[in-house]
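Keep in mind the model is a prediction, meaning the values are calculated, not measured. So that the names make sense, note that chain A is the first sequence line, chain B the second, and so on, each numbered from 1.
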There are 4 protein chains.
Amino acid sequence: MTIEDIRAEVCDLHRHLTRWGLVTWTAGNVSARVPGEDLLVIKPSGVEYDSLTPKSMVVCDLDGNLVEGEHSPSSDTASHAYVYRHMPEVNGVVHTHSPYATAWAARGEPIPCSITAMADEFGGDIPVGPFALIGSDDIGRGIVETLRGSRSPAVLMRQHGPFTIGPTAKAAVKAAVMCEDVARTLHLARQLGPVDRLPATAVDRLFDRYQNVYGQPLMEGHQ
Amino acid sequence: MTIEDIRAEVCDLHRHLTRWGLVTWTAGNVSARVPGEDLLVIKPSGVEYDSLTPKSMVVCDLDGNLVEGEHSPSSDTASHAYVYRHMPEVNGVVHTHSPYATAWAARGEPIPCSITAMADEFGGDIPVGPFALIGSDDIGRGIVETLRGSRSPAVLMRQHGPFTIGPTAKAAVKAAVMCEDVARTLHLARQLGPVDRLPATAVDRLFDRYQNVYGQPLMEGHQ
Amino acid sequence: MTIEDIRAEVCDLHRHLTRWGLVTWTAGNVSARVPGEDLLVIKPSGVEYDSLTPKSMVVCDLDGNLVEGEHSPSSDTASHAYVYRHMPEVNGVVHTHSPYATAWAARGEPIPCSITAMADEFGGDIPVGPFALIGSDDIGRGIVETLRGSRSPAVLMRQHGPFTIGPTAKAAVKAAVMCEDVARTLHLARQLGPVDRLPATAVDRLFDRYQNVYGQPLMEGHQ
Amino acid sequence: MTIEDIRAEVCDLHRHLTRWGLVTWTAGNVSARVPGEDLLVIKPSGVEYDSLTPKSMVVCDLDGNLVEGEHSPSSDTASHAYVYRHMPEVNGVVHTHSPYATAWAARGEPIPCSITAMADEFGGDIPVGPFALIGSDDIGRGIVETLRGSRSPAVLMRQHGPFTIGPTAKAAVKAAVMCEDVARTLHLARQLGPVDRLPATAVDRLFDRYQNVYGQPLMEGHQ
């Protein structure tokens, strides 16, 4: 994969953010690690989704410095870069303010693992990370400290919104989409009464099966 | 109808799942029985809705084994197959995690038959089925035991989501669409106060009329 | 206006029902009176919105009997016809099961006139009509008895859904769209606390102004 | 920029109101000040969004009188004009009845600044303005008195809906879009429990950074 391929892929993946209702105006971004190089490709800052082109994607080093591109990188680049520096198994990061997930984040409440779709994708609760301000390593550190050792590819950064990670950029996008989906379903469920968590043994069996059996053997090179 | 016709129909019916907001990412599937043969046609596993083609649909026997197709069948195939084996009058099955219906399922609460549209289509409450794990006959058995003898073509599998059945695949799709619709309306209604069930005599009259009078005499061969 | 023109208009007006999210599957209908004749034009029963054509619209007399058309008329035709027989000033009728309005109808609770947009269009609360079964004049009579003498062009038929009327079919469609809009806004408002009704003098001034000043002098022949 | 350019821009900006779900039927409007002249360009009254063309936009003076155009101006023109007369730094005004923001307005409750996206764009709570009837300067005066000296570009006019302002028309549109977005997220958050406001020092730092660092250096001449 050349950097041009990755620019095209990162650009294209943003369509999932709009299609599944995760973003408003320009507030969400996808990045991918450039394999074998200390580089990442990310959305430019403040550009509308309909105007994104592969060429407008920005290449940065893993300290978040601009390496190549005609635009400034996303204001969240430093947080993405921190994740890539500290989690070598991660090759994609997504950040949104998707409404239901951000509502749980605003209360600082983890999403309880209460339905099978959540056990499949997240293997347990979706955890809450610390409140952290942009402009230092605090957000990146909060993501890494919360997700390291967790089966969940999603973290709800307190009073901010969800970040998701994945072995590919597409997997991180899928986690962002499913995070909002289960955040919505559990929100609706809880509005009219209490909801039980699934038993831990059921969660383990579902997570294991989904990660190893679901989908096509070599589906489009992803997952 | 040849198998090619059924592949085309099953593929096409998936557009209703996206149009009416029943599915997220790849998590929902439609199947149809092949008339006169112990076969079913179903969605491939983990393939995005926009990428579905008639050719990518998968043919399986009624034990859920792959018979023909370039992809792995949906991970829910065994559950669909169980229904076809045990309910000969069923020719279509649909499964989704549609948000409002899944919210009722997460609480394990039947949807009360409180509005005329629900009496028309479901003839009573939409019942809850048992919690069951994927990977055995438990889900299929739970669907059949709950729906056999019920007027409702929909069951809310506990902490999982809705399954619907029908005399045609399109009827099962319609039941999935209407299940989410009434799940949403009753959710909204209940948020601001209690809601009465309709009297049983009114439900009976509405259900009988709708099943026998509504629609066109031989409408497109469906219903 | 010929009957062909009215078929085309009624067919076209259904796009507003789908665009504004008022209908699911085939459950909603628009009709128009044929000026100067004891006839109405209405949607065929059980036909999907994407398949509607001017030719598929059905012409009935004001007792609801089929006069011209290749399809059976909407199962709600008798209710529309009753309204035209008893309210000569009405030239359009719309029925939907739009989710927020139907949620208020399910509880049998009028929508309180608490925001200016509601005073503009409805001139007060949106009232609740009686529970009535399809198959007699009961629904039509309930609509007429509730709306006669009311400024509201919308009635919430209990445990059923909204019906709206207008001096034109387009005005009835607009009332259906605005009924769902204010049903949603007041639902949301009430979820987090009480909401005051507007003072009666403010409602009167807003309603009067909106009916007489808003819009273009001879806007497209409507309103 | 000629008046023709501004007509085209104002017409085009209305697409954001429909895309982000802020408006129903014809109930929302964008205006822009004509630089260096005592004129504004605004949407015509009661015209559907799909029918808007640059030519159908209306030019008025800053007392709200029609100067040029084939249609009557928006019924909210006097309110927009009042803002331009009294806030020379404002070059764009937007008014909608977007559902979540209007729900807060219906209760007369400010939206608490509880998430980082809200600190970024609004620099604090979104305040509530007085109840005021159309037909005098009351609405315009209420907007100006509430927003003068506030960092928020949005005000929730009580029992009416949001108005937003900006240094450009596009900035006012963005504020309207983000106002609905945070109104929705905070509504959802509050439904399941209490939500803390962000500390004032965090709000200050976020607002300052977002206003000065986010986006592209000279992004399309906006912001």
Side-chain angles (χ1 to χ4, degrees), chain B residues 15-16 19-22 98 100 111-121 170-171 173-199 201-220 222-223, chain C residues 18 21-28 44-51 56 58 69-76 95-109 111-112 131-136 138-139 156-161 180 183-184 186-192 194-195:
Chain B
R15 75 183 155 83
H16 294 287
R19 165 157 183 186
W20 299 109
L22 308 194
S98 63
Y100 286 92
I111 307 176
C113 186
S114 302
I115 54 174
T116 57
M118 202 173 160
D120 288 345
E121 179 74 25
K170 190 171 185 183
V173 168
K174 183 191 177 194
V177 171
M178 295 311 294
C179 177
E180 180 66 4
D181 186 63
V182 301
R184 179 177 57 174
T185 298
L186 271 295
H187 177 94
L188 295 172
R190 280 271 304 277
Q191 284 189 304
L192 295 182
V195 174
D196 293 331
R197 279 187 173 77
L198 291 171
T201 53
V203 173
D204 289 349
R205 284 183 54 191
L206 287 164
F207 182 73
D208 180 63
R209 180 188 167 90
Y210 189 75
Q211 300 303 319
N212 295 304
V213 178
Y214 186 79
Q216 303 302 324
L218 282 169
M219 198 168 49
E220 300 164 25
H222 295 289
Q223 297 166 45
Chain C
T18 48
L22 307 193
V23 289
T24 296
W25 204 255
T26 62
S45 180
V47 176
E48 289 177 46
Y49 293 103
D50 292 350
S51 306
S56 65
V58 183
E70 299 170 356
H71 295 77
S72 306
S74 163
S75 60
D76 297 304
H95 173 48
T96 78
H97 300 157
S98 62
Y100 286 92
T102 303
W104 291 89
R107 287 193 308 277
E109 186 178 356
I111 306 176
F131 178 69
L133 284 182
I134 202 168
S136 73
D138 288 355
I139 293 177
L156 307 175
M157 293 301 284
R158 187 183 291 261
Q159 295 185 280
H160 183 174
E180 180 65 4
R184 178 177 56 175
L186 271 296
H187 177 94
L188 296 172
R190 280 272 303 278
Q191 283 188 303
L192 295 184
V195 173

Given Phe131(C) and Leu198(B), is the side chain to side chain contact (heavy atoms under 4.5 Å, CB included) satisfied, shown in steps? CA-CA 10 Å; Phe131(C) 178 69; Leu198(B) 291 171; 3.5 Å; yes
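The part of Val23(C) that comes within reach of chain B is its backbone (N, CA, C, O), which places non-hydrogen atoms under 4.5 angstrom from that chain. For a residue to count as touching a neighbouring chain, one of its non-hydrogen atoms must lie under 4.5 Å from one of that chain's; by this rule Tyr100(C) touches chain B with backbone and side chain alike.
A donor-acceptor distance shorter than 3.5 angstrom exists from the side chain of Gln159(C) to the backbone of Asp196(B), with no hydrogens or angles considered.
When all heavy atoms are compared, the tightest approach of Ala117(B) to His97(C) is CB-ND1, 3.6 Å. Residues Ala189(B) and Arg107(C) share a closest heavy-atom pair of O-NH1, 2.9 Å. The nearest pair of heavy atoms linking Pro99(C) to Thr185(B) is CA-OG1, 3.8 Å.
You'll find the side chain of Ile115(B) reaches within 4.5 Å of the side chain of Thr102(C), heavy atoms only.
With rounding to the nearest 0.5 angstrom, the CG atom of Leu192(B) is 10.0 Å from the CG atom of Leu186(C). Atom CG of Asp50(C) is separated from atom CZ of Arg19(B) by 4.5 Å, given to the nearest 0.5 angstrom. Distance check: His16(B) NE2 to Glu48(C) CD gives 4.5 Å after rounding to the nearest 0.5 Å. Note that NE2 of His187(C) and CG of Leu188(B) are 4.5 Å apart. Values are rounded to the nearest 0.5 Å. Rounding to the nearest 0.5 angstrom, the gap separating the OG1 atom in Thr24(C) from the NZ atom in Lys174(B) is 11.5 Å.
The candidate with the highest count of non-hydrogen atom pairs below 4.5 Å against chain C, out of Met178(B), Met118(B), Gln191(B), Glu180(B), is Gln191(B).
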